[in-house]
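Quick notes on the structure that follows.
Sequence positions, counted from 1, serve as the residue numbers for this chain.
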Amino acid sequence: MIKRALHSLSSKRSLLMRCAIVFTLCLVGTVLVKTFIRNGFFPVRGGFDFASRMNGPGSGPALGAKVDLSMYKAPDGSSLADAITDQPAMLFVVDPGCRACTLASDQLRLIQEQVSEAGMNTFLVMFSTVETSARAFSYADSLGLASKTFVCTTDEAVKTDSVFRMVVPSHILVEKDGTVINKWPGTSPDPVARKRIVNQVVSDAVSALSSHR
């Protein structure tokens, strides 16, 4: 009877140990897969559904509306309206005070690289005050994007412009006259979701660029 009890106890210990090993391996595997995806070792397929974000608070200007590009200025005083050519351009809407913009720098960078390869110009836009505009440009440089930066310091625009009320970071595709062709509000803390956001934005933007040509 004692031998049977000891055997039963030993079997339970063995089962618990096997369960612990399997759990540990699954946990390690999950962490490794997420790390590989985050670092780009595994490609992420599929796009991101922006439908629920297109019309709510913080969704930004409506499709077909016009953004006043002349309000956004570069350090040399030139305006965004002067920088955009006759083809659609991608605007990255960011905010120096938003941690999500920094966390999503991989998303911004990948979109910038891929749409630029397709021949599209990209620009960083943000709101600031006259006193903090230098800090805003410095922040833009820290993101490491090959995109010229334009800052709006007009108080009235801060109160009324729909871009200012847009969730950040966001992406807006505009014509030369500021007409909004498409928009993709927001980001995600999940690196896989951010990769899908990249896929969706790039696919939509390149398609729009091809149609324009």
Side-chain angles (χ1 to χ4, degrees), residues 29-65 67 80 84-85 87-95 98-126 139-140 142-150 162-163 165-176 178-213:
T30 300
V31 172
L32 286 175
V33 168
K34 287 187 175 181
T35 301
F36 287 155
I37 289 175
R38 186 181 300 113
N39 293 330
F41 294 113
F42 292 162
V44 174
R45 307 297 181 188
F48 187 88
D49 185 4
F50 281 92
S52 63
R53 301 184 179 189
M54 296 298 282
N55 299 304
S59 63
L63 301 185
V67 175
L80 180 56
I84 295 182
T85 63
Q87 68 178 21
M90 179 71 73
L91 308 183
F92 298 115
V93 185
V94 297
D95 184 337
C98 178
R99 186 166 177 264
C101 292
T102 302
L103 291 176
S105 60
D106 58 338
Q107 172 186 318
L108 298 171
R109 185 179 64 256
L110 287 171
I111 292 173
Q112 190 273 323
E113 291 173 353
Q114 293 181 44
V115 299
S116 292
E117 287 177 3
M120 179 176 288
N121 292 324
T122 62
F123 303 95
L124 271 171
V125 298
M126 66 183 80
Y139 165 78
S142 73
L143 292 176
L145 299 177
S147 303
K148 192 171 182 179
T149 302
F150 293 83
S162 57
V163 177
R165 298 190 298 274
M166 196 172 193
V167 62
V168 288
S170 286
H171 313 279
I172 305 176
L173 188 65
V174 298
E175 300 267 16
K176 180 174 176 56
T179 300
V180 177
I181 303 171
N182 207 342
K183 62 179 179 179
W184 306 267
T187 184
S188 171
D190 179 11
V192 175
R194 288 202 301 275
K195 291 290 180 65
R196 291 199 173 105
I197 287 174
V198 171
N199 294 345
Q200 191 66 55
V201 175
V202 172
S203 175
D204 292 345
V206 171
S207 177
L209 184 62
S210 298
S211 299
H212 186 272
R213 290 171 177 168

Residues Trp184, Ile111; criterion side chain to side chain contact (heavy atoms under 4.5 Å, CB included); working and verdict: CA-CA 12 Å; Trp184 306 267; Ile111 292 173; over 6 Å; no
Residues Ile84, Asn121; criterion side chain to side chain contact (heavy atoms under 4.5 Å, CB included); working and verdict: CA-CA 8 Å; Ile84 295 182; Asn121 292 324; over 6 Å; no
Step-by-step side chain to side chain contact (heavy atoms under 4.5 Å, CB included) determination, Leu91 to Leu80: CA-CA 10 Å; Leu91 308 183; Leu80 180 56; 3.9 Å; yes
Side chain to side chain contact (heavy atoms under 4.5 Å, CB included) evaluation trace for Ile181 with His212: CA-CA 11 Å; Ile181 303 171; His212 186 272; 6.0 Å; no
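Ser142 places a side-chain N or O within donor-acceptor distance of the main-chain N or O of Tyr139, the cut-off being under 3.5 Å. Side-chain N or O atoms of Ser207 include none that pairs as donor or acceptor with a backbone N or O of Ser203 at under 3.5 Å. Put simply, the side chain of Arg194 gets close to the backbone of Pro189: a donor and an acceptor are under 3.5 Å apart. Listed for the Lys183 side chain is no donor-acceptor partner under 3.5 Å among the backbone atoms of Leu63. Not a single donor-acceptor pair under 3.5 Å links the side chain of Ser116 to the backbone N or O of Glu113.
Scanning both residues, Leu124 and Ser147, for their nearest heavy atoms gives N-CB, 4.2 Å. Shown here for Val174 and Gly178, the closest heavy-atom pair between the two residues is CG1-O, 4.0 Å. Nearest approach of Ala205 to Leu173, heavy atoms of both residues: CA-CD2, 4.3 Å. Nearest heavy-atom pair across Ile197 and Phe50 is CG2-CZ, 3.8 Å. Residues Leu209 and Ala118 approach most closely at CD2-O, 3.3 Å, considering heavy atoms. The minimum heavy-atom distance linking Ser170 with Gly186 is given by the pair OG-N, 3.0 Å.
Inter-residue side-chain proximity for Arg53 and Val167 is flagged as unmet; no heavy-atom pair is nearer than 4.5 Å. Put simply, the side chain of Leu145 reaches to within 4.5 Å of the side chain of Arg109, judged on heavy atoms. A heavy-atom distance below 4.5 Å is not found between the side chains of Arg165 and Pro57.
Distance check: Arg196 CZ to Arg45 CZ gives 11.5 Å after rounding to the nearest 0.5 Å. To the nearest 0.5 Å, the span separating CG on Leu143 from CG on Asp106 amounts to 11.0 Å.
When each of Met90, Gln112, Lys148 is checked for a side chain to side chain contact (heavy atoms under 4.5 Å, CB included) with Phe123, only Lys148 meets the rule. Considering Asp95, Val94, Thr187 as possible partners of Val168, the one that fulfils the side chain to side chain contact (heavy atoms under 4.5 Å, CB included) test is Asp95.
Using modelled atom types, one finds no donor on one side chain facing an acceptor on the other under 3.5 Å when comparing His171 with Gln200.
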